[in-house]
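Any value given below was found using the heavy atoms of this structure, including those in side chains, with hydrogens, waters and symmetry copies removed.
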Amino acid sequence: MEPSAFSFHLPAWVEQFLAEQGTHFPTPAQQMALVVALSERNVEEGTGGPFAAGVFELDGGRLVAPGINLVHREQCAVLHAEVVAVMLAQRRVGHYDLSAPGLAAHGLVTSTEPCTLCQGATLWSGVRSLTCGARDSDARAIGFDEGPKAADWAEALAGRGIRVTRDICREEAVAVLRRYRDEGGLIYNARREPAD
């Protein structure tokens, strides 16, 4: 039987990349530019899918934790970029709720709108905002299965106190998705026909 402990590690290039970028990204466009650059680098390095995310403090834009897609690298279906960023941020602040008393308000920035899994992680993370680059339809267009999401998912998050902003640097984020597809990147969990 395998040990019950679980851990994952960001590739070594992430720390060096972030050291070159700085620590504060005051505007949503600056935050998204960093996240899209992370997703592109993840593709270039061959360390995961074309998705990245970051948890930032809303006041001042300090990066709390980055996230890149690690599904294939770590052989774990839940290690989507948003989940990785949220897990690392919660460890860094020392609380499972990023809106716990005494903590700064946090926002999640993601290169592509959240899939069904990441929508749930966003809801329970404690972030107060969600900023998205590419659309769900852009990820589906290259073959990813984003899961069954309600058409009003953004309004549902807003109703739970999470402000949603879409289409920030969308063209740049979509370009990373297309590059990944065009270079033969693994499209895991591709659309499947229902079993009979």
Close side-chain approach of Ser99 to His106, heavy-atom, < 4.5 Å
no
When hydrophobic residues are tied together by side-chain contacts of less than 4.5 Å, even through go-betweens, does Val35 share a cluster with Val164?
no
Indicate, with yes or no, if Leu70 and Val43 share a hydrophobic cluster defined by side-chain heavy-atom contacts under 4.5 Å among Ile, Leu, Val, Met, Phe, Trp and Tyr.
yes
Hphob cluster co-occupancy, Phe8 + Leu18, side-chain heavy atoms under 4.5 angstrom
yes
If hydrophobic clusters are built by linking Ile, Leu, Val, Met, Phe, Trp and Tyr wherever their side-chain heavy atoms come under 4.5 Å apart, do Val64 and Met32 end up in the same one?
no
With a 4.5 Å cut-off on side-chain heavy atoms, are Leu103 and His95 touching?
yes
Testing Thr112, Ile168, Val109, Val176 for side chain to side chain contact (heavy atoms under 4.5 Å, CB included) with Val36, which one passes?
Val176
Minimal non-hydrogen separation, Asp145 against Gly147, with atom names
OD1-N, 2.9 Å
Inter-residue atom distance Gln31.CD - Arg62.CZ, 0.5 Å rounding
12.0 Å
In short, Thr122 meets Ser125 closest at the heavy-atom pair O-OG, 2.9 Å
Going through the checks in order, is the side-chain contact (heavy atoms from CB on, under 4.5 Å) test met by Trp153 and Leu123?
CA-CA 11 Å; Trp153 67 269; Leu123 176 65; over 6 Å; no
Taking side chain as C-beta onward, heavy atoms only, is Thr116 less than 4.5 Å from Pro148?
yes
Do Trp124 and Val86 have side chains that get closer than 4.5 Å, going by heavy atoms?
no
Phe51 and Leu38: side-chain contact (heavy atoms from CB on, under 4.5 Å), yes or no, with the steps?
CA-CA 8 Å; Phe51 306 102; Leu38 277 168; over 6 Å; no
Taking every heavy atom of Ala173 against every heavy atom of Ala134, the minimum-distance pair comes out as CB-N, 3.6 Å
With Arg92, which residues qualify under side chain to side chain donor-acceptor pair (under 3.5 Å), at least two apart?
none
Co-membership, hydrophobic cluster, residues Leu88 and Trp13, 4.5 Å side-chain:
yes
I need the full list of side-chain hydrogen bond (donor to acceptor under 3.5 Å, both in side chains) pairs touching residues 154-166, with sequence neighbours left out, sorted by first then second residue.
Glu113-Arg166
Spacing of CG belonging to Leu10 relative to OG1 belonging to Thr47, to within rounding of 0.5 Å:
9.5 Å
When rounded to the nearest 0.5 angstrom, what distance separates CG in Leu34 from OG in Ser111?
11.0 Å
Taking atom CG of Asp167 and atom OG1 of Thr131, what is their separation to the nearest 0.5 Å?
11.5 Å
Do Ile162 and Leu130 touch side chain to side chain, with heavy atoms closer than 4.5 Å?
yes
Between Gln75 and His72 (side chain of the first, backbone of the second, donor and acceptor by atom type, cut-off under 3.5 Å), is there such a pair?
yes
Can you name the side chain to side chain donor-acceptor pair (under 3.5 Å) partners of Asp138, sequence neighbours left out?
Arg170
Any chance the side chains of Tyr188 and Asn69 put a donor and an acceptor closer than 3.5 Å?
yes
Considering residues, nucleotides and ligands other than Asp59, do more than 12 of their heavy atoms fall under 6.0 Å from its CG?
no
Would you check, one step at a time, whether the test side-chain contact (heavy atoms from CB on, under 4.5 Å) holds for Ile68 with Asn42?
CA-CA 7 Å; Ile68 58 171; Asn42 204 31; 3.3 Å; yes
Check: Arg73 and Pro11 side chains under 4.5 Å, non-hydrogen atoms:
yes
Quick one: pull up CZ in Phe56 and CG in Leu108 and give me the separation to the nearest 0.5 Å.
9.0 Å
For the residue pair Pro50 and Ser39, what are the closest heavy atoms and their distance?
O-CB, 3.8 Å
Show the nearest heavy-atom pair for residues Ala29 and Cys169, with the distance to one decimal.
O-SG, 4.1 Å
For Tyr96, the side-chain contact (heavy atoms from CB on, under 4.5 Å) test, sequence neighbours excluded, returns none
For residues 20-44, which residue pairs pass the salt bridge (Lys or Arg N to Asp or Glu O under 4.0 Å) check, not counting sequence neighbours?
Glu40-Arg179, Arg41-Glu45, Glu44-Arg179
In chain order, what residues pass the side-chain contact (heavy atoms from CB on, under 4.5 Å) check against Cys118, with sequence neighbours excluded?
His80, Glu82, Val83, Pro114, Cys115
With rounding to the nearest 0.5 Å, note down the distance linking CD in Gln30 to CD in Gln21.
11.5 Å
Is there a salt bridge (charged side-chain N to carboxylate O under 4.0 Å, His left out) between Arg140 and Glu146 once you walk through the steps?
CA-CA 7 Å; Arg140 290 180 193 271; Glu146 298 296 279; over 6 Å; no
Checking side-chain contact (heavy atoms from CB on, under 4.5 Å) for the pair Arg181/Leu177: CA distance, chi angles, key distance, verdict?
CA-CA 6 Å; Arg181 177 201 59 204; Leu177 294 173; over 6 Å; no
